[in-house]
Amino acid sequence: MPEVVFINNYTPVGDIISICLCWVVIVLIQASYVSKKKSFMLFSGMVFLVMFASFSDIIYHYLLARENLVSYTPIYIFRFTFHAFLFAILFLYICYIVEVQQLEINKRKIIMVLSLIGFLIVNAADLISIINGSGFRVNGVNNVYEHGQIFMYGYIFFVAIIIYLMIRYRKRLYAQVMAGFYGTMIISFLVLFLQGRFSQSSFTTITFVFPIISMLYLIHSNPYDLSIGAVSINAFEDLVKYYYKRNREFVLMSLYLGEFDHEGLHFPEEIRSSIRKFTSSFFRGAVLFQISNGHVVLIADVKRNPDYENRMNQIINAFHAEYAKYHYDYKIVMGKSIEEISNRNEYVSFINHIHRNINDNVIHFIEYDDVTSFNKQKYIIDEISDIYRRHDLNDQRVEVYCQPVYNLTTGKYDTAEALMRLNLPEVGMVFPDQFIPLAEDFGYIHVLTLIILNKTCRTIRKMIVEGYMVKRISVNISAIELREDCFCDDVSKVIKESGIPDEKVAIELTESQNENDFLIMKDKINELKEHGILFYLDDFGTGYSNLERIMELPFDIIKFDRSLVLASGSNPKSERMVGSLANMFSEMDYSVLYEGVENDLDEKKCIDMYAKYLQGYKYSRPIPIERLTEFFEKREVNG
């Protein structure tokens with residue numbers, strides 16, 4: 001084999017380094033998670049084109065240095081393909097910039113058509129110049145002639161478009177990202193300049209690698225959380241979109257540990273270790289995503305895991321073994337992808353919906369009924385959002401129901417509790433447990449409260465005008481609303497505009513466990529009590545009850561939950577305890593209201609336990625507020 005002598009100060013070092021760097025990029029892509037967006041496909045195309053260009057350049061110079069070539073045609077072919085690959089990289093680079101800058105269709109079309117025409121022209125000119133001998137020509141070893149600089153003209157054309165895009169639309173991308181692109185392009189130009197200055201031709205392709213590295217780092221890198229091996233929620237949505245577009249099914253497994261789903265908290269090391277093991281041990285090519293501090297989701301391609309059901313059983317068995325060690329409360333959701341949810345890319349909302357409907361320490365397998373339920377929830381959220389946006393205090397979709405309250409002092413019904421309902425066109429009546437948590441989560445609850453307060457006040461005014469004896473009607477308020485700076489002003493305005501005395505309205509609140517919310521609640525109660533509004537402590541006896549805090553809050557009425565009524569009937573000790581609490585509140589000038597009174601026995605027990613007000617199905621189920629006139633009495637008119 002003859003000795004190979006490279007001419008024109010060329011050595012294959014630059015091309016070999018380019019190939020190696022491209023392989024490093026490919027290895028990194030395979031070993032990490034990269035979002036499969038259109039921009040990534042363009043990026044991948046550039047990586048492979050750089051390798052093809054490098055191989056073409058090496059072969060071209062290898063053939064050029066050989067002394068015993070029968071034909072020079074291969075030299076012309078590989079030189080042309082080398083240039084064509086470089087032009088193709090520049091064309092894809094323009095496509096890439098247009099994509100990440102998200103140019104409008106009309107602007108995108110102009111740039112793409114111009115670039116494509118330029119690509120075709122420079123390649124055609126290069127090919128014609130080779131065929132007719134007007135450009136590059138070989139007459140023997142070291143006898144190389146080239147007239148004109150077609151490649152240089154083409155390079156300048158594409159670079160001019162790239163620079164235009166990056167300057168004209170620079171505000172479309174984060175400034176630091178643009179700085180990264182500018183920096184790598186300057187380095188590329190500098191290397192090309194120095195290469196020309198010293199009559200070199202070894203490092204052309206490597207200048208095309210520098211922007212690729214910046215793309216990988218600045219745009220496509222999605223680093224793992226090294227502690228558990230997870231990537232972000234954005235990457236989760238990208239992967240769902242990728243699978244859906246390719247009609248690929250996947251398996252998902254969601255683990256929620258509510259104890260750690262708070263700001264500033266993280267999984268303890270033993271949990272992180274288990275999650276790392278689960279991610280890598282059971283499914284081929286599985287990717288773990290961190291949805292929130294206490295929520296992770298594992299996704300695996302069904303095609304790569306045809307025995308996924310067996311693998312799911314294995315992971316469940318392994319999880320039970322881990323649970324036996326640590327006993328953290330959990331919620332697990334598992335199943336195959338569902339086309340309808342994939343199409344809308346709503347798995348996070350879908351899983352959270354399932355979480356709301358299952359208890360702790362339950363493994364739930366996805367069923368289509370979950371989708372039906374989720375669609376209903378989505379519709380409810382959309383309707384609540386529309387109610388919030390319209391801010392119409394007379395919105396017909398919000399209805400007021402009331403449960404009359406029996407006043408033991410007067411022996412009459414003169415108070416009631418207002419209860420909110422939604423009556424929506426497609427699903428009919430929706431009860432509070434279905435929409436209140438959603439309204440709180442999405443920040444819509446205050447408007448709903450103002451609507452029910454307005455309708456309640458208007459009804460009170462109507463009943464007073466008609467001569468009915470209305471002591472007051474209470475309205476439930478979410479503790480979340482108290483964080484609104486305008487809360488007191490909004491409430492006062494609605495009551496004032498209705499034309500009724502402030503004392504005809506009461507506000508029911510549930511005690512807050514949060515220290516900051518407790519202080520806010522205290523301030524807001526004091527401010528509104530100056531107007532004569534009364535306050536109820538709702539649901540006393542459920543969950544967390546701090547007597548010291550309750551004493552700090554100027555409540556007027558303490559509502560004993562149904563659970564205390566039931567507890568009082570379980571044994572004499574419980575009855576004495578509940579009665580003693582009620583007596584204590586009574587002696588401190590609180591009025592005691594018992595909820596959930598369902599029969600004569602409940603009524604007698606509550607009367608014996610210092611009740612002042614009674615409420616429950618024994619007296620009435622919740623009824624439309626207009627029907628309160630069936631329970632309230634009119635004032636006697638003296639003849």
Side-chain angles (χ1 to χ4, degrees), residues 384 387-388 391 393 395 398-403 405 415-422 431-460 472-498 500 502-514 516-540 542-545 549-550 552-559 561 590-591 593 595 613 615 622 625:
I384 297 173
I387 292 169
Y388 175 83
H391 207 288
L393 298 189
D395 198 303
V398 183
E399 295 188 358
V400 185
Y401 274 59
C402 271
Q403 191 168 30
V405 175
T415 69
E417 177 185 4
L419 303 166
M420 196 184 313
R421 302 284 190 268
L422 294 183
F431 293 93
D433 61 328
Q434 295 177 284
F435 69 86
I436 293 293
L438 298 175
E440 290 177 335
D441 288 348
F442 286 89
Y444 302 145
I445 187 64
H446 186 51
V447 169
L448 293 180
T449 296
L450 293 179
I451 293 172
I452 190 175
L453 177 63
N454 175 65
K455 292 189 174 187
T456 299
C457 290
R458 303 285 171 177
T459 302
I460 292 173
R472 65 179 166 270
I473 297 178
S474 63
V475 176
N476 287 277
I477 301 289
S478 168
I480 294 173
E481 294 179 65
L482 301 180
R483 301 172 190 167
E484 302 275 352
D485 293 336
C486 60
F487 173 78
C488 292
D489 290 339
D490 288 346
V491 170
S492 297
K493 181 181 178 183
V494 170
I495 297 173
K496 182 179 179 180
E497 289 181 351
S498 71
I500 65 171
D502 292 299
E503 64 268 17
K504 295 298 180 182
V505 176
I507 290 176
E508 296 196 18
L509 290 166
T510 303
E511 181 191 1
S512 173
Q513 299 181 36
N514 180 284
N516 187 53
D517 284 350
F518 169 77
L519 296 174
I520 293 172
M521 180 182 291
K522 186 176 180 181
D523 290 342
K524 297 294 171 68
I525 291 176
N526 283 322
E527 182 176 346
L528 287 175
K529 278 186 73 69
E530 292 178 2
H531 296 277
I533 296 173
L534 272 63
F535 282 83
Y536 291 36
L537 173 63
D538 197 14
D539 295 333
F540 176 75
T542 62
Y544 177 87
S545 292
R549 280 190 170 182
I550 292 172
E552 285 188 52
L553 296 172
F555 286 111
D556 301 284
I557 296 172
I558 309 295
K559 295 186 71 172
D561 186 74
Y590 293 99
S591 296
L593 186 158
E595 295 182 283
Y613 297 99
Q615 178 181 350
I625 192 170

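Residues that satisfy the side-chain contact (heavy atoms from CB on, under 4.5 Å) test with Ile480, not counting sequence neighbours, are Glu440, Ser478, Arg483. By the salt bridge (Lys or Arg N to Asp or Glu O under 4.0 Å) test, Asp556 pairs with Lys529, sequence neighbours left out. With sequence neighbours left out, Arg458 forms a side-chain contact (heavy atoms from CB on, under 4.5 Å) with Asn454, Glu497, Ser498. Under the salt bridge (Lys or Arg N to Asp or Glu O under 4.0 Å) criterion, Asp441 pairs with Arg356, sequence neighbours left out. Residues passing the side-chain hydrogen bond (donor to acceptor under 3.5 Å, both in side chains) test with Glu399 are Asn423, sequence neighbours excluded. For Glu508, the salt bridge (Lys or Arg N to Asp or Glu O under 4.0 Å) partners are Lys559, not counting sequence neighbours. Here Asp395 pairs with Arg397 under the salt bridge (Lys or Arg N to Asp or Glu O under 4.0 Å) rule; sequence neighbours left out. For the side-chain contact (heavy atoms from CB on, under 4.5 Å) test, residues two or more places apart in sequence or in another chain that qualify with Lys504 are Ile460, Ile464, Ile500, Pro501. Take Tyr613 and apply the ring pair (Phe, Tyr, Trp, His ring centres under 6.0 Å) test, not counting sequence neighbours, and it matches no residue. Evaluation of the ring pair (Phe, Tyr, Trp, His ring centres under 6.0 Å) rule for Tyr444 yields Tyr388 as partners, not counting sequence neighbours. Listed by chain and residue number, nothing satisfies the ring pair (Phe, Tyr, Trp, His ring centres under 6.0 Å) test with Tyr401 (two or more places apart in sequence, or in another chain). When the side-chain contact (heavy atoms from CB on, under 4.5 Å) test is applied to Lys522, the partners found at least two apart in sequence or on another chain are Asn526, Glu552, Leu553.
More than 12 heavy atoms of other residues, nucleotides or ligands sit less than 6.0 Å from atom CG of Asp433.
Nearest heavy-atom pair, Arg472 versus Val505, reported as atom, atom and distance to 0.1 Å: CB-N, 4.3 Å. Thr456 and Ala418 make their closest contact through OG1-CB, 3.7 Å (heavy atoms, listed as atom of the first residue, atom of the second, distance). The nearest pair of heavy atoms linking Ala506 to Ile533 is CA-CG2, 4.4 Å.
In this structure, Cys402 and Glu417 have side chains that are not in contact, with every pair of non-hydrogen atoms separated by 4.5 Å or more. Residues Leu528 and Phe535 meet the side-chain proximity criterion, which asks for heavy atoms closer than 4.5 Å. A heavy-atom distance below 4.5 Å is found between the side chains of Phe555 and Tyr590. The side-chain heavy atoms of Val491 and Lys493, taken from C-beta on, include no pair separated by under 4.5 Å. Inter-residue side-chain proximity for Asp490 and Glu481 is flagged as unmet; no heavy-atom pair is nearer than 4.5 Å. With a 4.5 Å cut-off on side-chain heavy atoms, Met420 and Val400 do not count as touching. At least one side-chain heavy atom of Ile384 sits under 4.5 Å from a side-chain heavy atom of Leu448. You'll find the side chain of Ile507 stays beyond 4.5 Å of the side chain of Val475, heavy atoms only.
In this structure, the side chain of Gln434 engages the main chain of Phe431 through a donor-acceptor pair within 3.5 Å.
Between the side chains of Glu595 and Gln615, no donor-acceptor pair is found at a separation under 3.5 Å.
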